[in-house]
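The block underneath contains the structure these notes are about, expressed in structure tokens.
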Amino acid sequence: MVEYTSSRLCFKADLIEPLKDNESFIVHTPNGTFKFTKADFYRVFSNVVKSKSYQEDRIYSCSHLPQKALPFLISGQSVIMPKQKKESMPAKDLVGEEIRMKIREIGRLWRNSPSNPQINDDVLKDWNNLIEEWIADKDMPLIIRKETSKRGQAFMHPCGREIIVSDNTAAIWVYSNVLKGKVFTLSQVKELLKRNELPVVFMQTEEIRAKAKYTKQLGSYALSGWKLCHIQSVGLNTNKSIEELNISDIEDHFRKYANPNNMFVLPKEIGYLGEIDVFIEEQRR
């Protein structure tokens, strides 16, 4: 169970998304303590799940306590909700354009920094071609970032294609090879998967060994000191099972997840800048 404290009711994607549907998270606020299962959150706050703040900034903060949160109040003061106005006032911009421009400037500084690893354009082009060949070959499994409790497990989609669950591990493996200037052929990737030598789990645990089909851990491919970031969001943001997902949505997800043209790295010290829209926009190739 996840538990955190905030000055107002807010939902943190990085803490909520790894949970199973029946697992709970607790938020302590000045208005009381609220407890939600992930399934309840998706059902009652579907607008939050779909919001840009939750999907890309990874946090959604409620400016006012919503009425629909009250059934989940488990302790603390009783909350008297103000009468709803017919037309709600637009939320106040607490950041402001001046600060956003400074963050954008920092984004440009990092983009042009000599410390920012420079990637060979031909390597990026070759990897782009590989990913497209991978998607087009219906016999190739696709890797998705979803339900990290199922890392390494494989599921058969109704279309007959195998789907492998990972976290960010497979994407890190890709970018680690990109930094080395190494590109694979599709047949080489097939062989790696066949021999269980393509990392899809950060590290092996007893549960992974017991349940997973693919158990190769990241090991020497880890990006030590770096945080891998995606330019276009790769979150599936759905409660549907893998079998219920449209295969075209899975293909699109894999394209964004595994293509290094949609990736950049930051020193871990400033890694959270990789979650801010105006900073990310400056990293686009």
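Note that this is a predicted model, so its numbers are computed, not measured.
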Sorted by first residue and then second, give each salt bridge (Lys or Arg N to Asp or Glu O under 4.0 Å) pair with at least one member in [range]; sequence neighbours left out.
{"range": "residues 187-196", "result": "Asp137-Lys190, Glu191-Arg195, Arg195-Glu197"}
{"range": "residues 177-187", "result": "none"}
{"range": "residues 53-62", "result": "Asp14-Arg58"}

Greater than 12 external heavy atoms within 6.0 Å of Met203's CE:
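Result for CE/Met203: open.
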
Could you tell me whether Lys35 atom NZ has more than 12 heavy atoms of other residues or ligands within 6.0 Å of it?
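Atom NZ in Lys35 is not packed in, count stays at 12 or less.
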
Who pairs with [X] by side-chain hydrogen bond (donor to acceptor under 3.5 Å, both in side chains), at least two apart in sequence or on another chain?
{"X": "Ser248", "result": "Asn246"}
{"X": "Ser24", "result": "none"}
{"X": "Glu251", "result": "Lys138"}
{"X": "Lys68", "result": "Asn47"}

Output all residues satisfying salt bridge (charged side-chain N to carboxylate O under 4.0 Å, His left out) with Arg43, sequence neighbours left out; order by chain, then residue number.
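Per chain and number, Arg43 pairs via salt bridge (charged side-chain N to carboxylate O under 4.0 Å, His left out) with Asp40.
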
Nearest-0.5 Å distance, CZ of residue Arg151 to OG1 of residue Thr205:
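Between Arg151 CZ and Thr205 OG1, I get 6.5 Å after rounding to 0.5 Å.
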
Using a strict cut-off of less than 4.0 Å between a Lys/Arg side-chain nitrogen and an Asp/Glu carboxylate oxygen, indicate whether Lys227 and Glu275 qualify as a salt bridge.
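Here Lys227 pairs with Glu275 in a salt bridge, since their nearest N and O are under 4.0 Å apart.
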
Which heavy atom of Leu193 sits nearest a heavy atom of Pro141, and at what distance?
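The pair with the smallest heavy-atom distance is CD1-CD, 4.0 Å.
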
As a quick check of understanding, evaluate side-chain hydrogen bond (donor to acceptor under 3.5 Å, both in side chains) for Thr185 and Ser187, giving each step before the final call.
CA-CA 5 Å; Thr185 65; Ser187 60; 3.0 Å; yes

Which residue pairs satisfy the ring pair (Phe, Tyr, Trp, His ring centres under 6.0 Å) criterion with at least one member in residues 2-33, sequence neighbours excluded?
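Qualifying pairs: Phe11-Phe36, Phe11-Phe41, Phe11-Phe45, Phe25-Phe36, Phe25-Phe41.
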
What pairs of residues pass the ring pair (Phe, Tyr, Trp, His ring centres under 6.0 Å) test when at least one of them lies in residues 180-214, not counting sequence neighbours?
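Qualifying pairs: Trp173-Phe184.
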
Any chance you could lay out the side chain to side chain contact (heavy atoms under 4.5 Å, CB included) test for Leu124 and Trp127, step after step, and finish with the verdict?
CA-CA 5 Å; Leu124 287 173; Trp127 269 97; 5.8 Å; no

Qualifying residues under ring-ring contact (aromatic ring centres under 6.0 Å, His included), relative to Trp226, sequence neighbours excluded
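Partners of Trp226 by the ring-ring contact (aromatic ring centres under 6.0 Å, His included) criterion come out as none, since no residue qualifies.
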
Which pairs count as side chain to side chain donor-acceptor pair (under 3.5 Å) when at least one residue sits in residues 103-123, sequence neighbours excluded?
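Non-adjacent pairs meeting side chain to side chain donor-acceptor pair (under 3.5 Å): Arg104-Glu281, Arg104-Glu282.
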
